[in-house]
Student: 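One structure, pasted below without further comment.
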Amino acid sequence: MLRRFVLGCSLVAVVVAVLPDLSEAAPPLALKRSDYPAGATIAALPATNAQADVLLGPLHRSTFERLQRIDGVGWLQAASWKFQTGRGAATQEHRTIWGYGINVFSNARHAMAAEADRKLRTRSYRVAHLAAFLYQLGDVKQTLAVVFFTYRNVEVESYYEYYGVAPASMAKRLHHIFSRQNSHLAHETRLLVKAMQKGPTAIPTNTPTITPMP
C-alpha cells in the first residue's frame with residue numbers, strides 16, 4: 001500500500017512540473033501562495049473523479065466514482081518544493097510534495113463514507129475544531145502526513161511528503177505549514193457549505209479546464 005501511495009505522490013510531482021502556476025488567479029477554494037514556502041510550484045487540477053483518483057486514490061480502497069463523489073465539483077491542488085541538506089559534495093536535495101482535495105458529495109452520509117474508506121491506520125485529530133483523522137510516518141527514508149476530515153457533505157483530504165531526513169528546524173517548519181494549510185482548508189470548507197446552502201445558483205469554484213499530462 002505504501003509503495004502505491006509513494007507512486008501516487010510521484011505522479012503528482014510530474015503533474016506539478018508540467019502545469020503552469022495558477023495561484024495568481026486562484027479561486028476561493030485554492031490555498032494561497034503564502035500557504036506554501038517561497039518558490040513552491042503550485043498547480044490547480046481538474047476536479048474530476050479521475051483526477052481525484054490520481055491525487056488521492058492510493059489512500060482509498062474504492063474509486064471516487066464508487067464513493068459517489070460529485071464529478072467536476074470541489075477543488076484539487078498540488079504543490080512541489082525543494083530544500084537542501086548537507087554541504088559541498090554531501091549536499092542532498094529533498095523534494096516536498098503537498099496535495100489536497102475538497103470533495104463534494106450529495107449528502108453528509110456519503111462524505112463520511114468516503115472518509116471511512118481510507119486505507120491508512122489513523123488516530124483521532126482536530127482541525128479548526130473539527131473532528132479529523134491523522135496518519136503519520138517518519139523514518140530515515142521519508143516523512144509522510146495525511147489528514148482526513150468532513151464538514152456536512154464535504155470531505156477534505158490533505159497530505160505532505162518528502163524523502164530523506166530533514167533537520168529538526170526544517171521538519172518543524174514543514175509540519176507547521178501543513179497544520180496552517182489544514183486550518184485554512186477547514187475555513188474554506190465551511191464557506192463552501194454555506195454558499196451551497198444558499199441555493200442551486202451557489203455553485204462551488206469553477207474547475208480549471210487544463211488537462212495534465214499522464
Side-chain angles (χ1 to χ4, degrees), residues 5 8 11-12 15-16 19 22-23 25-32 35 42-79 98-120 122 125-135 146-160 178 180-212:
F5 184 86
L11 291 174
V12 172
V15 172
V16 171
L19 284 181
L22 304 178
S23 60
L29 295 183
L31 288 176
K32 298 178 180 179
D35 288 318
I42 307 167
L45 310 174
T48 62
N49 287 344
Q51 186 63 64
D53 286 336
V54 172
L55 186 70
L56 306 169
L59 302 173
H60 288 272
R61 298 180 177 87
S62 307
T63 65
F64 277 98
E65 180 179 7
R66 185 173 181 181
L67 293 170
Q68 302 185 60
R69 178 184 182 274
I70 301 178
D71 196 18
V73 177
W75 193 255
L76 300 175
Q77 186 166 307
W98 284 272
Y100 73 86
I102 298 178
N103 305 309
V104 181
F105 298 83
S106 59
N107 55 55
R109 181 171 59 85
H110 289 163
M112 294 179 66
E115 180 185 61
D117 183 71
R118 64 189 182 277
K119 289 181 178 179
L120 305 177
T122 57
Y125 192 60
R126 302 290 292 183
V127 173
H129 304 295
L130 294 177
F133 296 94
L134 170 67
Y135 171 82
V146 188
V147 165
F148 304 82
F149 65 89
T150 63
Y151 181 69
R152 306 289 176 85
N153 64 315
V154 179
E155 189 248 0
V156 179
E157 304 176 17
S158 64
Y159 68 85
Y160 82 101
F178 185 58
R180 183 180 63 199
Q181 289 176 348
N182 282 304
S183 294
H184 291 173
L185 289 174
H187 175 70
E188 297 302 331
T189 299
R190 288 186 171 101
L191 293 180
L192 172 61
V193 170
K194 184 177 180 180
M196 289 189 295
Q197 289 176 338
K198 290 182 178 180
T201 57
I203 300 174
T205 310
N206 291 331
T207 301
T209 55
I210 297 173
T211 301

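Below, all heavy atoms of this structure are taken into account, side chains as well, without hydrogens, waters or symmetry copies.
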Student: Quick check: do H110 and N107 have side-chain heavy atoms less than 4.5 Å from each other?
Tutor: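 Answer yes - side chains close enough.
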Student: Do you know which two heavy atoms are closest between L76 and T48, and how far apart they sit?
Tutor: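 What the structure gives for the nearest pair is CD1-O, 4.0 Å.
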Student: Working to the nearest 0.5 angstrom, can you tell me the gap between E157 CD and L185 CG?
Tutor: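 E157 atom CD to L185 atom CG measures 11.5 Å (nearest 0.5 Å).
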Student: Can you name the nearest heavy-atom pair linking H184 to D35, along with the distance?
Tutor: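 It is ND1-OD1, 2.7 Å.
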Student: Hey, does Y100 have a side-chain heavy atom less than 4.5 Å from the side chain of W75?
Tutor: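 Yes, side chains in contact.
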Student: Say you draw a straight line from OG1 of T63 to CZ of R69; how long is it, rounded to the nearest 0.5 Å?
Tutor: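 Answer rounded to 0.5 Å: 11.0 Å.
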Student: Any side-chain to backbone donor/acceptor pair from R118 onto L59? Under 3.5 Å, distance only.
Tutor: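 Absent.
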Student: With no hydrogens and no angle check, just 3.5 Å: does a side-chain donor-acceptor pair link S158 and N182?
Tutor: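 Result is yes, a qualifying pair exists.
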Student: Grab the two heavy atoms, one from A78 and one from L45, that are nearest each other, plus how far apart they are.
Tutor: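 In terms of heavy atoms, the two residues are closest at CB-CD1, 4.4 Å.
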Student: Does any non-hydrogen side-chain atom of Y159 lie less than 4.5 Å from one of L56?
Tutor: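 Result yes, sub-4.5 Å side-chain heavy-atom pair found.
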Student: Find the distance between OG1 (T189) and CD1 (I102) and round it off to the nearest 0.5 Å.
Tutor: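 The distance works out to 4.5 Å.
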Student: Compile the donor-acceptor pairs under 3.5 Å between side chains in residues 149-156 and protein atoms, sequence neighbours left out, one pair per line.
Tutor:
from, atom 1, to, atom 2, distance (Å)
N153, ND2, F105, O, 2.8
E155, OE1, N103, ND2, 3.0

Student: Using side-chain heavy atoms (C-beta onward) and a distance below 4.5 Å, is D117 in contact with R66?
Tutor: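 D117 does not reach R66 side chain to side chain.
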Student: Nearest 0.5 Å, please: how far is NE2 in H129 from OG in S183?
Tutor: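 S183 atom OG to H129 atom NE2 measures 9.0 Å (nearest 0.5 Å).
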Student: Are Q181 and W98 close enough that some pair of their side-chain heavy atoms sits under 4.5 Å apart?
Tutor: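 Yes, close enough: below the 4.5 Å cut-off.
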Student: Could you check whether the rings of Y160 and F178 sit parallel, tilted or perpendicular, using 30° and 60° as the cut-offs?
Tutor: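 Rings of Y160 and F178: tilted, 30 to 60°.
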Student: Distance check, rounded to the nearest 0.5 Å: F148 atom CZ versus H60 atom NE2?
Tutor: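 Taking CZ in F148 and NE2 in H60, the distance rounds to 5.5 Å.
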Student: Would you check if L29 and L192 make a side-chain contact, meaning some heavy-atom pair closer than 4.5 Å?
Tutor: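 Of all side-chain heavy-atom pairs linking L192 with L29, at least one is under 4.5 Å.
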Student: Provide the closest heavy-atom pair for A186 versus L130 in the form atom of the first, atom of the second, distance.
Tutor: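 Of all heavy-atom pairs spanning A186 and L130, the closest is CB-CD1, 4.0 Å.
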Student: Grab the two heavy atoms, one from V127 and one from A132, that are nearest each other, plus how far apart they are.
Tutor: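 Looking at all heavy atoms of both residues, the closest pair is CG2-CB, 3.8 Å.
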Student: Measure across D53 and P58 and return the closest heavy-atom pair with its distance rounded to 0.1 Å.
Tutor: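 That closest heavy-atom pairing would be O-CD, 3.7 Å.
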